[in-house]
Structure formats: structure tokens, C-alpha cells
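Right, one structure below, let's go through it.
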Amino acid sequence: MTAPSIRPMQRGDLDRVGHLVDATDMFPSEMLPEMTAPYFEGDTNAHRWIVYEKSGVSAVAYYVPEQLTDGTWNLLLIAVDPDQHGAGVGTALMRHVETELAQEGVRILLVETSGTSTFERTRGFYDMLGYDREALIRDYY
């Protein structure tokens, strides 16, 4: 049995990551080549892509420093294979991101999500992790 690992995303992961993005209706996977280009060109400090792998990639996270701020990062994507929902994969990814950024002295991690009913489970996930709701922007997303 393969032990799970969280590691930087590699080019060879893109097809699977595209599948995860499509399966979770995050955004059109056709956007991935443009979104990942800076990362694959070596800008790994300002664009961080990580994957959760256990017998294949089953989740992805993408986070960046928030522009014009001090010590603030923004989680722009976390997608977990729907077959793995509830198995602790998303929690493991989030805790990894939090730990990594805390070790670097980051003060704030922004986690934005939609206020629509479609994202009710997502908001519950962040509530369960202990995130505070700071703002609600109507009709955003």
C-alpha cells in the first residue's frame, strides 16, 4: 500500500489535475496551461501548486502571495477527487499549506469561496477547519 504524500505539482500531473478541476466544477480545465505557466517557468515562490498523491494524484491546491500586502497569501484552488471527499485529503492539503506558510512567517491565509448554495459544503469544510468568515460579497463568483 502506498503512503500518501504531498509534493510540488509536476507537468505530468496536469491531465489528472485537469480531471479534478472538471470533476469539482472549479473552472474550465482549459485555463490550466495559462494558470500554471509561471509556475512551470520557475516562479515557484509566487505560484505554488501542490498535489496529494496516494496511488495517483487525488487532490490539488494552488496558492499565491496577495499583491500589495505584507505576509498575506491567497488560496485560489483546492480540488479533491469527489470519490475522496470526507477521507481527510482536503484537510491534509490545507494543513500542509498552513504549516508551510506559517514556517515562512506568513500572517494571513485568505480563503475565498462562493456564497452560492452550490458551495455550501465547501463553506462547511472551511468552518470545520476553524476558518473565520470575515466578509460576504453578494453576487461574487
Are the side chains of [Y] and [X] in contact, using a 4.5 Å heavy-atom criterion?
{"X": "His47", "Y": "Phe40", "answer": "no"}
{"X": "Tyr52", "Y": "Gln84", "answer": "no"}
{"X": "Thr91", "Y": "Met128", "answer": "yes"}
{"X": "Tyr63", "Y": "Ile78", "answer": "no"}
{"X": "Leu109", "Y": "Val106", "answer": "no"}
{"X": "Trp73", "Y": "Glu100", "answer": "no"}
{"X": "Asp13", "Y": "Arg7", "answer": "yes"}
{"X": "Met9", "Y": "Leu14", "answer": "yes"}

Rounded to the nearest 0.5 Å, what separation is found between the [atom1] atom of [X] and the [atom2] atom of [Y]?
{"X": "Asp132", "Y": "Asp127", "atom1": "CG", "atom2": "CG", "answer": "9.5 Å"}
{"X": "Leu101", "Y": "His96", "atom1": "CG", "atom2": "NE2", "answer": "9.0 Å"}
{"X": "Leu75", "Y": "Glu112", "atom1": "CG", "atom2": "CD", "answer": "9.5 Å"}
{"X": "Thr36", "Y": "Arg11", "atom1": "OG1", "atom2": "CZ", "answer": "7.0 Å"}

Any donor-acceptor N/O pair, [X] side chain to [Y] backbone, under 3.5 Å:
{"X": "His85", "Y": "Val80", "result": "yes"}
{"X": "Thr72", "Y": "Thr69", "result": "no"}
{"X": "Ser114", "Y": "Thr116", "result": "yes"}
{"X": "Tyr126", "Y": "Thr113", "result": "no"}
{"X": "Asp22", "Y": "Ser29", "result": "yes"}

At their closest point, which heavy atom of [X] faces which heavy atom of [Y], and how far apart are they?
{"X": "Met94", "Y": "Tyr131", "answer": "CE-OH, 3.1 Å"}
{"X": "Ala79", "Y": "Thr24", "answer": "CB-OG1, 3.6 Å"}
{"X": "Val17", "Y": "Val51", "answer": "CG2-CG1, 4.2 Å"}
{"X": "Tyr39", "Y": "Pro8", "answer": "OH-CB, 3.4 Å"}

Look at the side-chain heavy atoms of Ile, Leu, Val, Met, Phe, Trp and Tyr, link any pair under 4.5 Å apart, and say whether [X] and [Y] land in one connected group.
{"X": "Tyr62", "Y": "Val21", "answer": "yes"}
{"X": "Leu93", "Y": "Val97", "answer": "yes"}
{"X": "Val111", "Y": "Ile108", "answer": "no"}
{"X": "Met26", "Y": "Val64", "answer": "yes"}
{"X": "Leu129", "Y": "Val89", "answer": "yes"}

Quiz item: Just wondering, more than 12 heavy atoms not from Asp43 lying within 6.0 Å of its CG?
Solution: yes

Quiz prompt | Glu34 CD: over 12 foreign heavy atoms closer than 6.0 Å | solution = no

Quiz item: Does Asp81 come within less than 4.0 Å of Arg16, counting only side-chain N to carboxylate O?
Solution: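 Looking at Asp81 and Arg16, the cut-off is met.
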
